[in-house]
Structure formats: structure tokens, C-alpha cells
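Below is one structure, written out as C-alpha cells; comments come after it.
Each chain gets a letter, A, B and so on, in the order its sequence line appears, and its residues count up from 1. All figures in this text were calculated on a predicted structure; none of them were measured in a lab.
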Amino acid sequence: GAGVSQSPSNKVTEKGKDVELRCDPISGHTALYWYRQRLGQGLEFLIYFQGNSAPDKSGLPSDRFSAERTGESVSTLTIQRTQQEDSAVYLCASRRTGTSGVDEQFFGPGTRLTVL
Amino acid sequence: AQSVSQHNHHVILSEAASLELGCNYSYGGTVNLFWYVQYPGQHLQLLLKYFSGDPLVKGIKGFEAEFIKSKFSFNLRKPSVQWSDTAEYFCAVNPASGTYKYIFGTGTRLKVLA
């Protein structure tokens with residue numbers, strides 16, 4: 001596809017359930033980011049993947065959060081035992097390269113997660 | 001810690017009014033600067049970016065931003081807004097020292113009244 005895609009677009013779940021969010025980056029983009037956007041707040045960095053390098057997981061808020069990426073393609077963000085404070089929009093972005101700031105990030109439409 | 005401040009959280013303007021949205025950052029080194037826009041129901045997209053050279057950069061849809069290094073600012077401007085500019089605007093900073101981290105501001109919601 002031409003852009004970054006994410007699925008599902010909306011997810012409503014009950015507290016304590018696990019959820020899996022998916023991101024398909026732009027083909028050929030080596031860098032991939034996950035962000036969390038809570039209502040009225042800015043984008044909060046969660047995790048960064050660059051090629052086959054070890055990901056930067058420094059932004060993951062707790063050990064309930066994990067993410068994987070298969071090579072330079074699809075990434076999944078998993079939240080285990082969801083809590084109400086996990087409710088947010090989860091955004092994925094990809095970038096052509098990982099080392100140069102010249103390349104911009106391209107964002108997906110996000111997944112709106114609501115934990116009841 | 002590095003941070004980006006967008007002091008205007010909500011702005012309401014009439015069509016044809018001039019716009020200036022503030023963005024200040026805290027980082028002492030060289031930076032790459034971005035403004036992203038999110039129109040209602042759409043995903044974030046790049047409005048403009050600054051890496052080097054002329055500190056006045058022009059973006060899409062008549063927007064421009066000026067990098068003032070001494071003030072650590074990168075304010076967004078448009079001389080005459082349109083109803084279609086109603087959106088949320090985010091300023092972002094990327095330290096140019098090879099890091100991949102982007103620091104985003106909290107965003108400014110702009111509403112333009114027809």
C-alpha cells in the first residue's frame with residue numbers, strides 16, 4: 001500500500017483482557033515507531049525498531065506492553081491484562097531510514113483502544 | 001529532560017484571520033524541527049520541516065514557520081486561515097545528533113469559523 005496501515009481502527013475491550021494491535025509500514029521503510037496518544041496529550045514514544053537491530057523499548061510504560069516486528073515489515077503491539085488507563089489512540093509511524101533526521105515519519109491512522 | 005511546549009491548546013479564529021501557533025523546545029544542540037497536522041478523521045501528516053539553511057520554511061497549504069535559534073522557537077504561521085484549516089497541529093523536535101527520538105508537543109486545536 002501507499003501508506004502506513006493499522007488495524008483494527010477501533011478496539012473496545014474489557015479490563016483484564018489482552019489486545020493486539022497491528023501496523024503495516026510503508027514498504028522499504030526500515031524504521032518503525034509506536035506512540036500512544038491520550039486524550040488532550042501529545043504523542044508519547046513507546047518503542048522503536050530499526051532493521052534487525054535490537055529495538056528501543058525505553059518508552060513502554062509497563063511489562064504488560066510488548067511489541068514485535070518481523071524483519072522490516074509488520075509490527076504488532078500487545079497489551080496484556082489491559083487497564084482503563086491504557087485507553088488511548090495508538091499510532092504507528094514508519095521512516096525510510098533510522099539514522100538520518102532528514103527523513104520524515106509517516107503516520108498510520110491509529111487504533112483507538114477503549115478499555116471498559 | 002528535552003521537551004516541546006505548545007502554549008496555545010485551543011485557538012478559535014474567523015476565516016481570513018492570521019494565525020500564529022507557538023512552539024518552544026528545550027534542547028541545546030542542533031535540532032530538526034517539524035510541524036504535523038491532523039485534520040478531523042485523518043491521520044497525522046507532515047506540514048513542514050526544518051533541517052538547515054533558511055530559517056523561514058514554507059510548507060503545504062500556505063503555511064510557514066520560522067526557526068529562531070536564540071529563542072528555541074519554531075512558530076507556525078499562516079497569513080489568512082480558511083475553514084479547511086480546522087485541525088490539530090503538533091510541533092516535534094528531533095535532536096540532530098544521530099538520535100531517532102522525536103519529542104512532540106501536546107498539540108494545538110485550531111477551529112476556524114466560516
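Within the model, atoms CD of A:Gln37 and OG1 of B:Thr106 stand 10.0 Å from one another, a figure rounded to the nearest 0.5 Å. Here the straight-line distance linking atom CD of A:Glu104 with atom CG of B:Leu48 works out to 11.0 Å at 0.5 Å rounding. For the atom pair SG (A:Cys92) and NE2 (B:His43), the distance works out to 12.0 Å, reported to the nearest 0.5 Å. Rounding to the nearest 0.5 angstrom, the gap separating the CG atom in A:Leu43 from the CD atom in B:Gln38 is 8.0 Å. For the atom pair CG (B:Leu46) and CZ (A:Phe106), the distance works out to 7.5 Å, reported to the nearest 0.5 Å.
Around CD of A:Glu85, the count of heavy atoms belonging to other residues, nucleotides or ligands within 6.0 Å exceeds 12. The 12-atom threshold is not exceeded at CG of A:Asn52, counting heavy atoms of other residues, nucleotides or ligands nearer than 6.0 Å. Within 6.0 Å of atom CG in A:Leu116, more than 12 heavy atoms from other residues, nucleotides or ligands are found, so the atom counts as buried in its surroundings.
If you measure heavy-atom distances from A:Gln105 to chain B, the contacts under 4.5 Å come from both the backbone and the side chain.
Partners of A:Glu20 according to the side chain to side chain contact (heavy atoms under 4.5 Å, CB included) rule, which considers only residues two or more places apart in sequence or in another chain, are A:Thr76, A:Thr78.
Note: the hydrophobic cluster containing B:Phe74 does not contain B:Phe90 (ILVMFWY, side chain heavy atoms under 4.5 Å, direct or indirect links). There is a path of hydrophobic side-chain contacts, each under 4.5 Å, that joins B:Leu47 to B:Val81. With hydrophobic clusters built from ILVMFWY side chains whose heavy atoms lie under 4.5 angstrom apart, B:Phe51 does not share a cluster with B:Val57.
Between A:Tyr35 and B:Phe104, the ring centre distance stays below 6.0 Å.
Remark: the backbone N or O of A:Tyr33 is not paired with any side-chain donor or acceptor of B:Tyr100 at under 3.5 angstrom.
In terms of heavy atoms, B:Lys101 sits closest to A:Ser58 at NZ-OG, 3.5 Å.
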